[in-house]
K.L.:
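Pasting in a structure now, in C-alpha cells, and then I'll have a few things to ask.
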Amino acid sequence: MPDTIPVDSVGLITPQVAHFDTPLVLACGQTLPNYQLVYETYGELNADASNAILICHALSGDHHAAGYHSMEDRKPGWWDSAIGPGKPIDTNHFFVISLNNLGGCSGSTGPTTVNPATGKVWGAEFPMVTVEDWVETQARFADRFGIQTFAAIVGGSLGGMQVLDWSVRYPERLQAAAIIASAPKLSTQNIAFNEVARQSIRRDPQFHDGQYIEQDTIPTNGLGLARMLGHITYLSDDSMGNKFGRQMRHDTYQYNYEVEFEVESYLRYQGEAFTKRFDANTYMLMTKALDYFDPAAREDGDLAKVLSKAQCEFLLVSFTTDWRFSPARSEEIVDALIRSGKHVSYTKIEAIEGHDAFLFPIPRYMNALRGFLSRVAKRLPKENA
C-alpha cells in the first residue's frame, strides 16, 4: 500500500451486500429460494442511471476490482490499473459495478455459505451454476439500482463469456460490450485442463466428497495442484522464460525432488497462496461453468445467428501469446459479428504475458479500451460526458 492514495485511484472502498428474496431457477433445474451478492461500486450513478458499467470477473476473480479496503492492504483490486479517475474505465464519467458471482467464495451465496434449509454450509450440495445464471442475477442486480441499460459491460476470460451472453440474452440492456481474451466456447483441450484440475481436488484425501468444511479441513494439496496447473496455462513460455529461465536455487544439481529450479518454487508458492484465499468447491463449480458455456448450441452451432440478436457495439481484444484463449478464438466471435452485420472493433495486442495479459496495463491495450469507452462516454448526458 502506498503512503498516500494515488490521485487516479478510487480510494478506500467498502464492499456491500445485496439480498434477493425472489427465487432463482437455475439452468440446472434447481431453485435457490433466496441469495445474496457481494459487490463494490466506484464513481457516481447519474440522474437517469445511464452511465453504469458492469465489470464481469474471471474464474478466480471477485468483487474487489479497484481501490483498497484499508491502508494496510498489500495491493489494490485486481483491475486497479484500468478502473479509476482518468483511467480507461473512467470513474469521472462512469458508475462502475463489480460483483462477486453467485457460487463465489468472497461473500456471495455459494458453497462456503449456509444452506438455510439445513443450517449447514452448502459445500458440495450447492447447485451447479452457469454463465446464464450469472447474467440473470446481474440483471436483477441492475434492476435494484434502476439501471435499465448499461453504458457498457466489460470482462476478460470467463468475464468475457458473461459479456457475450449479456449481448444476446438482454440485447436492449447494454450499449457497448468489451470482450477481452475470451472465446465463444472452450476448446476440447481447455475442458481437459479443467477436468485434470477438478480431479486433483477430488482425489485429495481431505476433500471428503466436497464436505471438507464440516470436517474442519481443506483439500490444500489438490487445490494447490489445480492452481499450479491453471497458472502454467495462463502464462506464456516467453514470460516464464524471461522471469525464471533455468535459474536454480543451488550452484549444482542436488539430485532429489525438492525445489531446485526457481520456477518450481514460484509454482509451489502460487498454489499454496491460492488455497488460503479460494474455495475448492467454488473452483470446481466455476471451471464447470466454463465448460458448459456454448451460446451457439442454441442455434445448431451457428454463432452468427445467435449474435444477430445483439444490438450493442463491440470491442474484442486478444493477446498474441495467449494460448489458452488464443487470438483465433476472439476472431471467431469477430467473424460471427461481421456476418451478422454488427458494429465491431478488434485489436490483437503484442504481449509476452500470455492469457494473464488482460490483467496488465499494456499501453496499446489500455489505449484501445480507453478509446472504445471514450466513445461511449460521449453519448452520456453532458454532466457525465
K.L.:
Considering non-hydrogen atoms only, spot the tightest contact between A49 and N46 and give its length.
P.N.:
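Minimum heavy-atom separation between A49 and N46: N-OD1, 2.9 Å.
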K.L.:
I'd like to know if R370 and D90 make a salt bridge, using a cut-off of under 4.0 Å between side-chain N and carboxylate O.
P.N.:
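Looking at D90 together with R370, the answer is no, because their closest N to O distance does not fall below 4.0 Å.
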K.L.:
Show your reasoning for whether salt bridge (charged side-chain N to carboxylate O under 4.0 Å, His left out) applies to D322 and K348.
P.N.:
CA-CA 10 Å; D322 182 356; K348 180 166 65 175; over 6 Å; no
K.L.:
Does the pair R198/D291 count as a salt bridge with the N-to-O cut at 4.0 Å?
P.N.:
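A salt bridge links R198 with D291.
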K.L.:
Is the CZ atom of R246 crowded by more than 12 outside heavy atoms at less than 6.0 Å?
P.N.:
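No, not enclosed.
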K.L.:
Against V154, only a single residue in L54, I180, I83 fulfils side-chain contact (heavy atoms from CB on, under 4.5 Å); can you say which?
P.N.:
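With V154 as partner, side-chain contact (heavy atoms from CB on, under 4.5 Å) holds for just one option, I180.
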K.L.:
Residues sharing V259's hydrophobic cluster, by side-chain heavy-atom contacts under 4.5 Å among ILVMFWY, directly or via others?
P.N.:
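V259 shares its hydrophobic cluster with no other residue.
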K.L.:
Assign the ring pair F145 / F141 to parallel, tilted or perpendicular, where the plane angle (0 to 90°) is split at 30° and 60°.
P.N.:
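Tilted: the ring planes of F145 and F141 meet at 30° to 60°.
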K.L.:
Does a salt bridge link E262 with R249, judged by any charged N lying under 4.0 Å from a carboxylate O?
P.N.:
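Salt bridge flag = yes for R249 with E262.
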K.L.:
Thinking salt bridges, do D165 and R298 make one under a 4.0 Å N-O criterion?
P.N.:
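Salt bridge flag = yes for R298 with D165.
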K.L.:
Taking CG in D237 as the centre, count heavy atoms belonging to other residues, nucleotides or ligands within less than 6.0 Å. Is the count above 12?
P.N.:
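Incorrect, the count does not exceed 12.
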K.L.:
Treat each ILVMFWY residue as a node, draw an edge where side-chain heavy atoms are under 4.5 Å apart, and state whether L369 and V376 are in one component.
P.N.:
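Yes, same cluster.
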K.L.:
Output a table of donor-acceptor pairs, distance under 3.5 Å, between side-chain atoms of residues 6-23 and any protein atom two or more places apart or on a different chain; print 'none' if there are none.
P.N.:
from: S9; atom 1: OG; to: G11; atom 2: N; distance (Å): 2.9
from: Q16; atom 1: OE1; to: Y39; atom 2: OH; distance (Å): 3.4
from: H19; atom 1: ND1; to: Q36; atom 2: OE1; distance (Å): 3.4

K.L.:
In terms of side-chain geometry, is the basic nitrogen of E264 or R268 positioned less than 4.0 Å from the acidic oxygen of its partner?
P.N.:
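Looking at R268 together with E264, the answer is no, because their closest N to O distance does not fall below 4.0 Å.
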K.L.:
Is the shortest distance from a Lys or Arg side-chain nitrogen in E313 or R379 to a carboxylate oxygen in the other one below 4.0 Å?
P.N.:
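Result for this pair is yes, salt bridge flagged.
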K.L.:
Between Y266 and H231, is the ring centre distance below 6.0 Å?
P.N.:
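That pair passes the under 6.0 Å test.
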K.L.:
Quick one: CD on E258 to NE2 on H250, what's the gap to the nearest 0.5 Å?
P.N.:
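Answer for the CD-NE2 pair, E258 versus H250, is 9.0 Å.
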K.L.:
May I have the step-by-step check of salt bridge (charged side-chain N to carboxylate O under 4.0 Å, His left out) for D80 and K87, ending in yes or no?
P.N.:
CA-CA 9 Å; D80 190 76; K87 293 179 181 178; 3.3 Å; yes
K.L.:
Does D238 come within less than 4.0 Å of K243, counting only side-chain N to carboxylate O?
P.N.:
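Salt bridge between D238 and K243, a charged N being under 4.0 Å from a carboxylate O: no.
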